[in-house]
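Note: hydrogens, waters and symmetry copies are ignored here, and every other heavy atom, side chains too, is used.
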Amino acid sequence: SDLGGKGVIVIGSTADFIMENCEVKSLNQAADCDGNSVFFDSCRIHSGDGSKNMAIGIRSDALNKLTASNCLIYDCGIGIDNNAFDGVAAVYNNTIHNCNTGIEAYKYFSAIDNNIIMSCSTDAIKGDGGANHPAPSNNLFFANTEDIDNYTDDASKITGTDPEFVDSASGNFYLAD
């Protein structure tokens with residue numbers, strides 16, 4: 001069926017949705033989920049052509065929780081967008097590269113920790129200025145137009161340090177020796 005250019009769409013599920021160890025590319029949105037709780041682990045999500053044509057890598061309207069961990073998200077308009085009504089999001093140990101915005105944090109977040117967010121042309125983390133956001137911690141920011149906008153600052157952030165990927169232009173995000 002026509003998913004409107006989306007890779008995975010989950011609507012109205014009362015069960016948890018788990019997506020792991022997969023690759024999604026060249027789509028409008030890799031995953032648009034509004035189930036009970038949504039978990040992404042060890043996924044590679046990108047436009048496939050370096051164009052940022054994919055609007056959103058992961059978008060969630062989950063009722064309870066969005067968790068994204070150990071994912072590689074690159075060449076998207078927005079890497080991760082949490083729009084959960086009352087749910088929280090935990091985003092940790094991800095690499096987000098060459099997106100317009102790395103993480104849009106407009107709703108409740110429980111953690112944005114230990115991520116590498118690099119080369120975002122607008123913001124690495126963009127919030128709504130709300131009070132429901134704990135401070136992110138231990139994130140590495142490099143070559144972003146703005147690291148954190150309208151969101152609690154990351155006092156333990158690392159800035160100005162290139163993670164030195166082997167060849168990010170070719171999709172090789174291993175760290176160089």
Under the side chain to side chain donor-acceptor pair (under 3.5 Å) rule, what do N94 and N115 come out as? Steps first, then yes or no, please. CA-CA 5 Å; N94 300 288; N115 299 287; 3.1 Å; yes
Step by step, work out the side chain to side chain contact (heavy atoms under 4.5 Å, CB included) result for Y151 and D123. CA-CA 11 Å; Y151 195 84; D123 306 294; over 6 Å; no
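In this structure, the separation between CD1 on I112 and CD1 on I80 is 8.5 Å, given to the nearest 0.5 Å. Atoms CD1 and CD, from I78 and E104 in turn, are 3.5 Å apart once rounded to the nearest 0.5 Å. How far CD of E23 is from NE2 of H46: 3.5 Å, rounded to the nearest 0.5 Å. Distance check, rounded to the nearest 0.5 Å: CG of N172 to CZ of F165 gives 10.0 Å.
Note on Y92 and I45: separate hydrophobic clusters, where clusters join Ile, Leu, Val, Met, Phe, Trp and Tyr whose side-chain heavy atoms are under 4.5 Å apart, directly or indirectly. Clustering ILVMFWY residues whenever any of their side-chain heavy atoms sit less than 4.5 angstrom apart, transitively, puts L72 in a cluster other than the one holding I18. Cluster annotation: M19 and F39 are assigned to distinct hydrophobic clusters (Ile/Leu/Val/Met/Phe/Trp/Tyr, side-chain heavy-atom contacts under 4.5 Å, transitive). Grouping the Ile, Leu, Val, Met, Phe, Trp and Tyr side chains by contacts below 4.5 angstrom, directly or via other members, places L175 with L140.
When atom types are taken as modelled, the side chain of D153 and the backbone of A155 share no donor-acceptor pair closer than 3.5 angstrom. Proximity of a side-chain donor or acceptor of N144 to a complementary backbone N or O of S119 within less than 3.5 Å is detected. Put simply, the side chain of N98 never gets that close to the backbone of Y74: no donor and acceptor are under 3.5 Å apart.
Each of N139, D113, N138 was compared with S156 under the side chain to side chain contact (heavy atoms under 4.5 Å, CB included) criterion, and only N138 meets it. Each of D41, N114, N93 was checked for a side chain to side chain donor-acceptor pair (under 3.5 Å) with S69, and the lone residue meeting it is D41. Screening V91, L66, T67, N70 for a side chain to side chain contact (heavy atoms under 4.5 Å, CB included) involving F40 leaves a single residue, L66.
Side chains of F173 and I116 form no contact here, defined as non-hydrogen atoms less than 4.5 Å apart. Between D154 and F141, the closest side-chain pair of non-hydrogen atoms falls below 4.5 Å. When side chains are defined from C-beta on, M118 counts as touching D162, because their heavy atoms get closer than 4.5 Å.
Smallest separation of non-hydrogen atoms from C43 and N21: SG-N, 4.1 Å. When every heavy atom of C99 is checked against every heavy atom of I73, the shortest pair comes out as SG-O, 4.3 Å.
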